[in-house]
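As structure tokens, the structure follows; a few thoughts come after it.
As the structure is a prediction and not an experimental result, all values here were calculated from the model.
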Amino acid sequence: MRKTQRNYLIFLLGVAVLGMFLTGCTVEILPPEPRFGSVNICSDHSSVYGNVFLDGRYEGDLWPNECLYVDDLRIGRTYTVRVDTGWEVIVQDFYFDFSGQVVTIR
């Protein structure tokens with residue numbers, strides 16, 4: 001491409017952008033989607049309680065009919081929750097869609 005053609009093309013692009021701004025076109029810049037979030041792991045029965053492990057990592061104790069708040073999880077992946085009650089182990093997988101999600105262990 002010759003220099004005059006390139007200059008003409010740059011001039012046309014500049015006129016197009018200027019025309020967009022003069023006619024009221026705007027550019028909206030959105031913040032990026034969060035990559036990490038929190039989940040509430042909840043018990044829905046009086047017999048569901050114990051030590052909670054998320055992908056093998058101990059997260060805390062779950063009490064009957066209560067929730068355990070777990071933070072700093074990557075959104076968009078599948079996690080495995082394991083609740084060790086002392087007499088049984090409850091295992092449940094869930095896909096983490098959004099921060100604040102509630103996962104009920106049954």
Side-chain angles (χ1 to χ4, degrees):
M1 181 181 287
R2 295 193 337 230
K3 189 174 182 178
T4 55
Q5 289 175 330
R6 185 177 49 206
N7 288 343
Y8 183 68
L9 183 61
I10 291 171
F11 172 75
L12 285 178
L13 288 173
V15 169
V17 169
L18 181 63
M20 287 173 46
F21 285 121
L22 291 176
T23 59
C25 291
T26 59
V27 176
E28 185 176 347
I29 300 174
L30 299 174
E33 291 288 323
R35 295 186 205 159
F36 291 90
S38 61
V39 67
N40 286 303
I41 300 173
C42 299
S43 162
D44 74 339
H45 194 270
S46 61
S47 67
V48 178
Y49 63 91
N51 296 322
V52 175
F53 296 87
L54 197 59
D55 283 351
R57 187 179 76 195
Y58 175 74
E59 295 294 342
D61 295 325
L62 181 63
W63 298 100
N65 300 310
E66 300 270 334
C67 293
L68 175 67
Y69 176 83
V70 180
D71 198 13
D72 202 29
L73 298 179
R74 182 173 294 278
I75 293 175
R77 65 168 287 220
T78 300
Y79 288 92
T80 301
V81 178
R82 185 170 57 94
V83 179
D84 186 353
T85 65
W87 62 88
E88 71 174 321
V89 176
I90 303 167
V91 178
Q92 184 172 322
D93 293 332
F94 72 94
Y95 183 79
F96 188 42
D97 285 324
F98 57 91
S99 186
Q101 184 172 336
V102 176
V103 176
T104 304
I105 305 298
R106 303 182 190 280

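In the displayed structure, Phe36 atom CZ is contacted under 6.0 Å by more than 12 heavy atoms of other residues, nucleotides or ligands. Around atom CZ of Arg35, no more than 12 heavy atoms belonging to other residues, nucleotides or ligands sit under 6.0 Å away.
Legend: side-chain hydrogen bond (donor to acceptor under 3.5 Å, both in side chains) pairs involving residues 45-54, not counting sequence neighbours, sorted by first then second residue: His45-Ser47.
When all heavy atoms are compared, the tightest approach of Gln92 to Arg106 is OE1-N, 3.7 Å. Val89 approaches Arg82 most closely through the heavy-atom pair CG1-CG, 3.2 Å. The nearest pair of heavy atoms linking Asn40 to Cys67 is CB-CB, 4.4 Å. Considering every non-hydrogen atom in both Ile75 and Asp97, the closest pair reads CG2-O, 3.2 Å. Nearest heavy-atom pair, Leu62 versus Val83, reported as atom, atom and distance to 0.1 Å: CD2-CG2, 4.4 Å.
Put simply, the side chain of Ser43 never gets that close to the backbone of Glu66: no donor and acceptor are under 3.5 Å apart.
Note: the hydrophobic cluster containing Phe53 does not contain Leu73 (ILVMFWY, side chain heavy atoms under 4.5 Å, direct or indirect links).
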Practice prompt. Kindly determine whether Phe94 and Leu54 satisfy side chain to side chain contact (heavy atoms under 4.5 Å, CB included), including the steps that lead there.
Written response: CA-CA 11 Å; Phe94 72 94; Leu54 197 59; 3.9 Å; yes
Item to complete: Any chance you could lay out the side chain to side chain contact (heavy atoms under 4.5 Å, CB included) test for Val52 and Ile105, step after step, and finish with the verdict?
Response: CA-CA 11 Å; Val52 175; Ile105 305 298; over 6 Å; no
Worksheet entry | Trace of the side chain to side chain contact (heavy atoms under 4.5 Å, CB included) decision for Val39 with Tyr79 | CA-CA 11 Å; Val39 67; Tyr79 288 92; over 6 Å; no
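Using a cutoff of 4.0 Å between basic side-chain nitrogens and carboxylate oxygens, Arg74 and Asp55 are not scored as salt-bridged.
For Phe96, there are no ring-ring contact (aromatic ring centres under 6.0 Å, His included) partners two or more places apart in sequence or in a different chain.
Taking CZ of Phe98 as the reference point, atom OG of Ser38 lies at 10.0 Å (rounded to 0.5 Å).
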